[in-house]
Amino acid sequence: MQLLNFNSDRGSAPLEVIGYGILLMLPIMWFSIDIISQQNDQFAAAAIAEHGLRAWVQADHAQSKNFEIAIKQIAEDFHEPLTQVHWQMDCAGLEPCVPSGQVLRLKVDVKQATATAVMRWSK
């Protein structure tokens, strides 16, 4: 029976690199992918809030489809499913929601990310 000699340099370097590489790199990759995904969701929420509010204000009337089209296009650009995108328009409690002279607030939720765009608009 051979005794273990810990001072020896014998061993399989490729096997050790692959073994330790997998053990150390997989958690780092999972963490990095999760952070990048969350950052993409936050960027998407901010872009949808800003451009969606701008499209709503530039529309001719409150029932215009430009607002929803803008939100759908931006969500597609960020590869976000529309089922994960939720928005809420707040017109300072005034109805009907006509942008002239009001403070408009658009809150957008994309998965766990939230962004709000606010604009005071008057003609």
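Quick caveat: nothing in here was measured; it's all calculated off a predicted structure.
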Please give me the minimum heavy-atom distance between Gly52 and Phe67, naming the atom from each residue.
O-CD1, 3.2 Å
For the side chain of Glu50 and the backbone of Ala117, is there at least one donor-acceptor N/O pair under 3.5 Å apart?
no
What distance separates Tyr20 OH from Leu15 CG, expressed to the nearest 0.5 Å?
9.5 Å
Specify the closest pair of heavy atoms between Ala49 and Leu106, including all atoms of both residues, with the distance to one decimal.
O-CD2, 3.5 Å
Quick one: are Trp30 and Asp34 in side-chain contact, heavy atoms under 4.5 Å?
no
Mind listing the closest non-hydrogen atom pair of Ala75 and Leu82 along with its distance?
CB-CD2, 3.7 Å
Using the salt bridge (charged side-chain N to carboxylate O under 4.0 Å, His left out) rule, collect all pairs that involve residues 78-88, keeping only residues at least two apart or in two chains.
Glu80-Lys111
Are Thr116 and Arg105 close enough that some pair of their side-chain heavy atoms sits under 4.5 Å apart?
yes
Flag side-chain contact, heavy atom, 4.5 Å: Gln73 against Ile71
no
Check each of Asp109, Val85, Asp77 against Ile48 using the side-chain contact (heavy atoms from CB on, under 4.5 Å) test, and report the only one that passes.
Val85
Got a second to check how far Trp87's CH2 is from Met89's CE, nearest 0.5 Å?
10.5 Å
Under a side-chain separation threshold of 4.5 Å, the hydrophobic residues clustered together with Phe31 are Ile35
What verdict does the side chain to side chain contact (heavy atoms under 4.5 Å, CB included) test give for Val108 and Thr114, after you've listed the backbone C-alpha separation in whole Å, the side-chain angles of each residue and the deciding distance to 0.1 Å?
CA-CA 6 Å; Val108 178; Thr114 301; over 6 Å; no
Taking everything shown except Phe43 itself, do over 12 heavy atoms lie less than 6.0 Å from its CZ?
no
Is the backbone N or O of Ile28 less than 3.5 Å from a side-chain atom of Ser32, with the two atoms forming a donor-acceptor pair by type?
yes
Quick one: are Gln112 and Asp41 in side-chain contact, heavy atoms under 4.5 Å?
no
Side chains of Val118 and Val103 in contact at under 4.5 Å (non-hydrogen atoms):
yes
